[in-house]
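Here is the naming used below: chain letters follow the sequence lines, and residue numbers restart at 1 for every chain. Basis for what follows: all heavy atoms, side chains included, without hydrogens, waters or symmetry-related copies.
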Amino acid sequence: MSLNRRVAVIGSAVVAPFAGGDRSLEEVLYDVSRRALADAGLTMDGIDGIVVGSNDQFDGRAIAVMAASGSVGGVDRDILSTPSAGEHAFVMGVLRIASGHYETHLVVSWSPLEASSLPEAQRLGADPYFHRRLPLDDASTFALQGAALAAAWPAAGALADRIMEHRRAHAGVSPDGAGAARPPWPLKEGMLPPMASGAVALVIASQDHVRRHGVANPVWVRGMGWATEPAFLGDRDLSTAPALKEAARRAYDEAGIGDPRDAVAMAEICGVTPYQELIAYDALGLSRREDWDEDVRSGRFLPSGRLPVNPSGGVAALYPVFCAGLMRIEAVARRLRGQREAAGLAHAASGPAMMYQTVLVLGTDAGEARK
Amino acid sequence: MTSPRVGIIGIGQSAFKSRRDDASYPDLVREAVGAALSQCGLGLDAVEAVVYSLSPDAMVGIGNAERLGVDAVGGRNKRFLRINTGGATGISSVAAAYYHVAAGACDVVLTAGADKVGECGDSQTVLNKIWDPIYERPLPQGTITMLAMSAIRYAHKYAMSEEDMARVVVKNRRHAALNPNAHLRKEVTLEEVMASRYIAWPIKLMDCCPQSSGGGAMVLASERFIRQNRLDAVWITGIGHCSETYYIGDRMGTGQTADHADAYALGKAFDRAYRMAGVTDPQKQVDVAELYAPFSNTEYHAIEAAGLARPRQTVAQLNEGRFSIGGEIPVNPSGGTLCTNAIAVTAMIRVAEVALQVSGRAGGHQVKGARLGIASGNGGDHQFFGTMVVEA
């Protein structure tokens, strides 16, 4: 099913990293919201509704949306929160506009560092009886994915090394291995980027708003899919990502895309480790396992390749954990609004071992005309 | 553009109790989901998307506890996301499910959740953490002390007595005694309420909602799906949300944006829902109301925000029985939040109960002839408000 009304990104902003500054989180959120509104040529009065993606554990507050509400313009307005993932706020915003009840939305997510140890907060997400005392945080689940992939596809280890070479050359990743100094096996130094603080905001609008206000360079949501894996890692084959396949299938169907390898001009992929990047290539249909060696070796996904992946630097360059997925959507939208490409693919993943998967196909008016 | 109509086709409530030692957290969710699906005769395969209803994770003691609920709602490889607006989460989740269908993304959406408030240790310790760690958390602020301040302000402004608060409890307990799903089902007298100990003056123990464990689920569907499959449905015809300030201090003093006695944003949320539903005179058009009121005093300003009575008249009208079953506009015929509060789904149950009422399936607490009902949810520090109009 396609949506009843078209929705476009008309403005966005990123403030990252912000940790270590002299501003409170509320001030940062006010700043990023104001910047996104200015980018869209709107004031808060032009916003009908707000959806934020906030995480209680990372913020160190219960019902984290409460404190943020004023900063993002929530007082006297309609505001929702999607604590499952930052990118789910975008999904919810698109659905609300497509329903016909809203013309515009502000979508905001953030990920601070100062409130608590993120790995400790993540470990509280494991079920208290079986997994919590392992302990199980994002890094260990990412490593389990790497181990599962290496077992299923022995060439994955060498491919991961090669992707790291690309990251060091093109994403500004430090050659001496930034991030976790001793990440869990089979991850190597540098394969887990350091966790950063960040905030991101997007302004989205209906096709009627875009037409009525003559918005320049809207970036249309052409396809949107999201899906979840089951809760327990033991119920999953961690070398694969069926939920991502399902999310991509839905997004491609809506966008009328048969083969994504040639249908989009660029992509932002939420692969924190190089193993996750490989799994995402496969599930997104950008490169099947048997094509990985050729595609990685030939530089197909480099900035100069046929399908540039993560031209922003991606998660390897900046990893604000909870909003990294929404930042992928913002990065594609920003690039398309700059009219560098006509169509792009954004992939967002959140939770242990990429549990929540979201796929967006975005396109410009030029891309629509070309279809 | 005109939005397609969205109907409620399935409702499930688990047994709400102080403790549910017989059921794990996912078990509670599954209990409600099973009941909702069996009511509409659908299986999990028919569900295209899930909106998970869960307020503070700390209440369950598991970070992002919605992940543990994925299997309980059959969410694997399906569209799934979670909503949290504190106590309003349940009604916000129903609204989010509504938007899934109204947007054209799905024909059938499940919204579900559960809470184990009765087993969380002490909900007020958790809820203290919703406030700013520097200014309001150390007071110490809690939802009871917060709404005790509202009670004092309301009493000062509209002449409400502690006996008037107690009469709300007596009414709702009488209603809950008729509702097999309610947590507190024992009727109480005015004297018993007045004799209960103070928790935060003027709120006494019996003026407070219980800490409940239990789950709730609802299935929403498009009109096309409902017609094609000849399903029974009631219709969501109005939705509204609005928020107040975060800092309680901003609701007091000369610079206030809203008076802490009232429920300003709840009123605006009802205005939006009524506008959408075409309700122009709620006192004449509303047959039944399920209004989120976790403490007795808050039912008064909720009734006023819903436009069912004017301030200064509400207390007298409640005392005269206007808002009791058998009265002109029964409010909280299920017993309401005052008798059952599993926070993650409490506001969902308000919608569910109104849906049962307008479909004539509320059982012992049925309001005769109810065709149009309203529901509300409050969340945060009396900050987030959701409203809904449901019609037969």
Side-chain angles (χ1 to χ4, degrees), chain A residues 1-5 49 54-57 60-63 65-67 69-70 74-85 88 91-92 94-101 121-128 208 224-232 235 242-243 246-247 250 351-352 355-356, chain B residues 1-4 52 54-58 61-71 75-86 92 95-96 98-100 102-107 126-127 129-130 132-133 239-247 257 265 268 272 276 379-381 383-384:
Chain A
M1 289 170 73
S2 57
L3 300 182
N4 289 336
R5 191 157 70 146
S54 59
N55 182 288
D56 287 9
Q57 286 67 242
R61 296 167 182 260
I63 321 177
V65 58
M66 290 174 59
S69 180
V75 177
D76 224 3
R77 279 197 181 75
D78 176 342
I79 181 167
L80 279 186
S81 165
T82 60
S84 41
H88 287 169
V91 169
M92 204 59 242
V94 169
L95 291 176
R96 297 222 293 178
I97 291 177
S99 74
H101 290 283
Q122 290 163 351
R123 288 197 278 274
L124 288 174
D127 90 274
D208 302 313
M224 182 169 78
W226 68 107
T228 180
E229 300 284 356
F232 286 90
D235 292 337
E246 171 59 18
R250 192 170 294 282
M355 180 174 175
Y356 298 134
Chain B
M1 65 172 283
T2 307
S3 286
Y52 202 88
L54 178 62
S55 35
D57 297 288
I62 303 168
N64 284 93
E66 85 278 359
R67 294 174 190 155
L68 292 188
V70 165
D71 300 300
R76 183 177 194 158
N77 284 349
K78 287 184 182 168
R79 288 170 277 186
F80 176 99
L81 55 77
R82 170 188 165 194
I83 296 292
N84 179 7
T85 50
S92 299
Y98 170 94
Y99 294 123
H100 278 63
C106 310
D107 275 320
V126 172
L127 291 170
K129 306 301 180 292
I130 67 178
D132 182 274
I239 294 183
H241 270 75
C242 192
S243 304
E244 285 194 14
T245 59
Y246 172 52
Y247 291 96
T257 55
K268 288 197 78 168
R272 291 171 186 177
M276 180 178 156
D381 55 350
Q383 180 183 7
F384 306 117

**Q** Checking heavy atoms, do the side chain of B/Ala265, its backbone, both or neither come under 4.5 Å from chain A?
**A** neither

**Q** Looking at B/Asn64 and A/Pro83, would you say the former's side chain and the latter's main chain have a donor-acceptor pair under 3.5 Å?
**A** yes

**Q** Quick one: does any side-chain atom of A/Ser99 pair with a main-chain N or O of B/Ala102 as donor and acceptor, under 3.5 Å?
**A** no

**Q** Would B/Ser243 and A/Asp78 count as a side-chain contact (heavy atoms from CB on, under 4.5 Å) here? Give the steps.
**A** CA-CA 6 Å; B/Ser243 304; A/Asp78 176 342; over 6 Å; no

**Q** Hey, what do you get for NE2 (A/His88) to CD (B/Glu66), rounding to the nearest 0.5 Å?
**A** 9.0 Å

**Q** For B/Asp71, is it the side chain, the backbone, both or neither that has a heavy atom under 4.5 Å from a heavy atom of chain A?
**A** side chain

**Q** Using the rule given for side-chain contact (heavy atoms from CB on, under 4.5 Å), can you reason through B/Ile62 versus A/Leu124, listing the C-alpha separation, both sets of side-chain angles and the distance that settles it, and then say yes or no?
**A** CA-CA 6 Å; B/Ile62 303 168; A/Leu124 288 174; over 6 Å; no

**Q** Looking at chain B, which one of A/Ser84, A/Pro128, A/Ala227 has the largest number of heavy-atom pairs inside 4.5 Å, strictly under?
**A** A/Ser84

**Q** To the nearest 0.5 Å, what is the distance between CG on B/Leu81 and CE on A/Met92?
**A** 6.5 Å

**Q** Could you check whether any side-chain N or O of A/Ser81 sits under 3.5 Å from a backbone N or O of B/Thr85, counting only pairs where one atom can act as donor and the other as acceptor?
**A** no

**Q** Identify the two heavy atoms, one from B/Arg79 and one from A/Trp226, that lie closest to each other, and give their separation to 0.1 Å.
**A** CG-O, 2.9 Å

**Q** Select one option (side chain, backbone, both, neither) describing which atoms of B/Gln383 are under 4.5 Å from chain A's heavy atoms.
**A** side chain

**Q** Between B/Ala58, B/Gly61, B/Ala103, which residue shows the highest count of heavy-atom pairs closer than 4.5 Å to chain A?
**A** B/Ala103

**Q** Taking side chain as C-beta onward, heavy atoms only, is A/Arg61 less than 4.5 Å from B/Pro133?
**A** yes

**Q** Report which part of A/Val91 has an atom under 4.5 Å of a heavy atom belonging to chain B: side chain, backbone, both, or neither.
**A** side chain

**Q** Using non-hydrogen atoms and a 4.5 Å limit, figure out which bit of A/Ala121 sits close to chain B: side chain, backbone, both or neither.
**A** neither

**Q** Could you tell me which portion of B/Lys78 (side chain, backbone, both or neither) has an atom closer than 4.5 angstrom to a non-hydrogen atom of chain A?
**A** backbone

**Q** Can you tell me how far the CG atom of B/Asn77 sits from the CD atom of A/Glu246, to the nearest 0.5 Å?
**A** 6.5 Å

**Q** Of all of A/Ala247, A/Pro230, A/Ala243, which one pairs up most often with chain B through heavy atoms under 4.5 Å apart?
**A** A/Pro230

**Q** Quick one: of A/Gln122, A/Met224, A/Gln57, who has the most non-hydrogen atom pairs under 4.5 Å with chain B?
**A** A/Gln57

**Q** At a 4.5 Å cut-off on heavy atoms, which part of A/Arg77 comes close to chain B: side chain, backbone, both, or neither?
**A** backbone

**Q** Test of understanding: with side chain to side chain donor-acceptor pair (under 3.5 Å), list the residues that count as partners of A/Glu229, not counting sequence neighbours.
**A** none

**Q** Check the orientation of A/Tyr356 and B/Phe80. Use parallel for under 30°, tilted for 30 to 60°, and perpendicular for over 60°.
**A** parallel

**Q** Could you check which of A/Val65, A/Thr228, A/Ile63, A/Asp127 has the highest count of heavy-atom pairs closer than 4.5 Å to chain B?
**A** A/Thr228

**Q** Assert yes or no for the condition that the ring centre distance of B/Tyr98 to A/His101 is strictly below 6.0 Å.
**A** yes

**Q** With a 4.5 angstrom heavy-atom cut-off, is it the side chain or the backbone of A/Met355 that approaches chain B, or both, or neither?
**A** side chain

